[in-house]
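Side chains included, hydrogens not; waters and symmetry mates left out as well; all remaining heavy atoms used. Whatever order the structure lists them in is the order used to number ligands and atoms, beginning at 1.
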Amino acid sequence: MTEIVQTEPRAARDGAAAPVPLRQLVGGRWVSGAGAELVDRNPARPDELVAVGRLAGRDDLDAAVAAAAAAFPGWAAMPFPVRGEILARAADVLVGKADAWGVELAREEGKTRAESVGEVRRAAEILRFFAAEGLRPVGEVFASARPGEQIQVLHRPVGVVAVVTPFNFPIGIPAWKIAPALAYGNTVVWKPASTVPLLAMRLAEALVAAGLPDGVLSLLIGPGSVGAALVEHPGVDRVSFTGSTAVGRDLIARCGRLARPIQTEMGGKNAAAVLADANLDLAVDEVVAGAFRSTGQKCTATSRLIVTDRVAGEFLALLVERVTALRVGDPLDADVQMGPLITATARDDVRAAVEQGLRRPGVTLLVGGEPYRDARRADGAFLAPTVVELAGDDPLWREELFGPVLAVRRARDDAHALELVNDSAFGLSAAVFTDDLRAITAATQTLDVGVLHINSETAGADPHVPFGGAKQSGFGPKEQGRAAREFYTTTTTVYLRA
Ligand code: NAD
């Protein structure tokens, strides 16, 4: 049975500091929001306040967009390498603060300290990558069939970019949108998830400390309604959104009516397929990491597992043993491997979906479920890591739960396993465990996903390569790496006869 770790008394605990006062960044000034009170709680210990302040209101939004529009010409005119230097200095700030802000991230969002510190460092890497973009080619030159003419393709900034981000990577995902937006010369108005306001403030603080001019970035910590108003604001030129498919589709429709370009990264139901020849020890390590790191709250988390029949019995026995041994508890405790969900409501929703599933025919609990009794004894938003086996199609196979729940199906053979990977409305990431070149080739050519891992977990997004999903997981140009340029710039084709 999964153990819910009892942790030391609150007063003695690392990081249990007084709540941080929250501020919005509007036009270069740190201000109190004009909206309702905001209380940011530690999901592992809901009576512990991480930060307190006020949400942004409509006036803050108008002021932020006006400041972004006013700052745009000066920022766009600044030489690209000089903009890059500011991003690089912000990266230095993040690295210097990685341990302290990592603890805050763990307290605010609930992932383990190692993952949290790693995320702050990753945000710094992303800033560095885009800082260096200014030293690389920024356009193309083509030959012309007409004598004396040259054709240039220029990539120019687009203006004011609205950035709306989810809770689950409170500094990593904002960095991978804000860094390219700024690097390519745009100004940004950013609305993070209101459950993770402190890390949002930290990223903005790093950029301000690095010398970002006033108005180039505004931070509006607000509810979804502020996000909707921002996305439709007449002063916004483009929208970059990451979050659930339901919200993403709504924003795509709103932007469609305005003919406003939008890029969305949305939900996932990512499959790992363990084929007949797989290295089962490697596969079980990777599947457990993919499914339960960050409490399964990654867009790229492994939430479906397909095992080819020949190895299913052996693999599932290994998996159950490993999942049973996972230590769940306060993410700041050194031996804890999985923290809480983001809120008690999220925990209850995921738990209810599993409990309903277990009442349907063909749904069998392999591990988890029962330890909910332990989870109830703890006051945090904990849920035991859960694995269910499905005899066939089921809502647990189709719907994203965004929690530590893995749904398993057995495949007749390897070809059937790959078919089942594609059996989803989502197409963010997948993992295939095999050393068979034919199977690898089939996977790379037929799986309809944005990110494919061969012999590694479904999660992972390096800053220098494209990231984004297929089908209902993504819409518009990809993010990160050089792919980001497509969304954050507009091209002008110049026929030049001098
Ligand atoms: P969410 O969709 O509830 O919220 C995302 C952001 O949108 C938040 O800032 C929220 O306040 C805002 N928002 C909510 N309603 C809005 C509205 N009507 N108009 C404008 N903005 C609105 O998502 P979440 O719970 O924060 O994050 C989890 C979801 O994000 C999961 O579905 C996960 O798969 C997805 N996600 C996807 C990726 C990816 O890269 N594909 C990465 C991380 C998370």
Side-chain angles (χ1 to χ4, degrees), residues 35 38 43 55-56 61 108-111 119 122 126 162-177 189-197 199-200 219-233 236 239-255 260 262-270 294-303 341-343 345-347 349-350 381 399-403 405 424-429 449-451 458-461 463 466-480 483-484 487:
L38 172 62
L55 293 165
L61 171 59
E108 179 170 70
E109 196 271 347
K111 63 185 71 165
E119 187 182 331
R122 172 57 62 90
I126 293 166
V163 167
V164 180
T165 53
F167 77 84
N168 64 321
F169 283 95
I171 196 161
I173 287 177
W176 87 34
K177 293 177 185 295
V189 180
W190 169 32
K191 197 216 82 70
S194 55
T195 39
V196 288
L199 264 288
L219 165 66
L220 298 174
I221 301 162
S225 55
V226 169
L230 169 62
V231 164
E232 292 190 313
H233 197 287
V236 163
V239 177
S240 182
F241 167 82
T242 295
S244 60
T245 296
V247 174
R249 289 173 65 141
D250 175 48
L251 298 185
I252 292 166
R254 288 169 191 259
C255 286
R260 178 169 294 171
I262 179 169
Q263 160 197 70
T264 68
E265 290 302 337
M266 303 182 282
K269 191 76 182 177
N270 312 294
S294 291
T295 321
Q297 298 175 120
K298 286 185 187 178
C299 51
T300 49
T302 308
S303 49
L341 282 90
I342 184 67
T343 58
T345 309
R347 186 264 323 271
D349 288 350
V350 175
E399 292 163 15
E400 184 186 48
L401 295 183
F402 220 56
V405 179
S424 175
F426 297 105
L428 185 50
S429 69
V449 290
V451 184
T458 52
F467 176 85
K471 301 197 267 187
Q472 293 290 304
S473 293
F475 179 87
K478 298 281 186 265
E479 300 204 78
Q480 299 218 94
F487 184 73

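The distance between the ring centers of Phe169 and Trp176 does not fall below 6.0 angstrom.
Here is the list of ligand 1 atoms found below 4.0 Å of a heavy atom in Phe241: 2 (O), 5 (C), 6 (C), 7 (O). Near Phe467, meaning under 4.0 Å from one of its heavy atoms, ligand 1 places the atoms 40 (O). Interface atoms of ligand 1 facing Ala228, defined by a heavy-atom separation under 4.0 Å, are 19 (N), 20 (C), 21 (N). Every atom of ligand 1 with a heavy atom of Cys299 under 4.0 Å away is listed here by number and element: 34 (O), 36 (N), 37 (C), 38 (C), 39 (C), 40 (O), 41 (N), 42 (C), 43 (C), 44 (C). Within ligand 1, the atoms closer than 4.0 Å to a non-hydrogen atom of Leu251 are 19 (N), 20 (C), numbered from 1 in the order shown. Those atoms of ligand 1 with a heavy atom of Leu428 less than 4.0 angstrom away are 41 (N).
Here Glu232 pairs with Arg254 in a salt bridge; the nearest charged N to carboxylate O distance falls below 4.0 Å.
With a heavy-atom cut-off of 4.0 Å, Phe402 touches ligand 1 through its side chain alone. No part of Leu230 comes within 4.0 Å of ligand 1, judged by heavy-atom distances. Under 4.0 angstrom from ligand 1, the non-hydrogen atoms of Pro192 all belong to its backbone. Here Thr195 has no heavy atoms under 4.0 Å from ligand 1, in either its backbone or its side chain. Within the 4.0 Å heavy-atom criterion, neither part of Thr300 lies near ligand 1.
Under the 4.5 Å side-chain criterion, counting only non-hydrogen atoms from C-beta, Val449 is not in contact with Leu428. In this structure, Val163 and Val189 have side chains that are not in contact, with every pair of non-hydrogen atoms separated by 4.5 Å or more. Side-chain contact check for Leu230 versus Trp190: every heavy-atom pair is 4.5 Å or farther apart. Side chains of Met266 and Gln472 form no contact here, defined as non-hydrogen atoms less than 4.5 Å apart. Between Pro192 and Leu219 there is a side-chain heavy-atom pair separated by less than 4.5 Å. Residues Glu109 and Pro43 are not in side-chain contact: their nearest non-hydrogen atoms beyond the backbone lie 4.5 Å or more apart.
Among protein heavy atoms, atom 9 (O) of ligand 1 sits closest to Thr165 O, 2.7 Å. Residue, atom and distance of the protein heavy atom nearest to atom 12 (C) of ligand 1 are Val164 CG1, 3.8 Å. Atom 2 (O) of ligand 1 has as its closest protein heavy atom Ser244 OG, 2.6 Å. Counting protein heavy atoms only, atom 27 (O) of ligand 1 is closest to Pro166 CB, 3.3 Å. If you check which protein heavy atom lies closest to atom 41 (N) of ligand 1, you get Met266 O, 2.7 Å. Of the protein's non-hydrogen atoms, Glu400 OE2, 2.6 Å is the one closest to atom 34 (O) of ligand 1. Looking only at heavy atoms of the protein, atom 21 (N) of ligand 1 is closest to Gly224 O, 3.6 Å. Atom 26 (O) of ligand 1 has Phe167 N, 3.2 Å as its closest protein atom, hydrogens excluded (heavy atom only).
At a distance under 4.0 Å, a protein heavy atom can be found next to atom 7 (O) of ligand 1.
Ligand 1 has no N or O atom lying under 3.5 Å from any N or O atom of Trp176, backbone or side chain. When only interatomic distances are considered, the shortest N/O to N/O separation between Asn168 and ligand 1 does not fall below 3.5 Å. Geometrically, ligand 1 and Gly227 share no nitrogen or oxygen pair separated by less than 3.5 Å. Considering backbone and side-chain atoms together, Ile173 places no N or O closer than 3.5 Å to any N or O of ligand 1. Any N or O atom pair closer than 3.5 Å counts here, and Lys191 shares at least one such pair with ligand 1.
When each of Thr242, Thr165, Leu199 is checked for a side chain to side chain contact (heavy atoms under 4.5 Å, CB included) with Pro174, only Thr165 meets the rule.
A donor-acceptor pair is defined here as one N or O able to donate and one able to accept, closer than 3.5 Å; no such pair exists between the side chain of Asn270 and the backbone of Ser303. Without hydrogens or angle criteria, Arg249 side chain to Ser244 main chain gives no donor-acceptor distance under 3.5 Å. Of the possible polar contacts, one joining the Thr458 side chain to the Thr300 backbone as a donor-acceptor pair under 3.5 Å is found.
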Verdict with supporting geometry, Lys177 and Ser240, side chain to side chain donor-acceptor pair (under 3.5 Å): CA-CA 7 Å; Lys177 293 177 185 295; Ser240 182; 2.8 Å; yes

Check step by step if side chain to side chain contact (heavy atoms under 4.5 Å, CB included) holds for Cys299 and Phe467. CA-CA 12 Å; Cys299 51; Phe467 176 85; 4.2 Å; yes

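Nearest heavy-atom pair, Phe167 versus Ala193, reported as atom, atom and distance to 0.1 Å: N-CB, 3.6 Å.
Among Val451, Leu401, Thr242, the residue whose heavy atom sits closest to atom 5 (C) of ligand 1 is Thr242.
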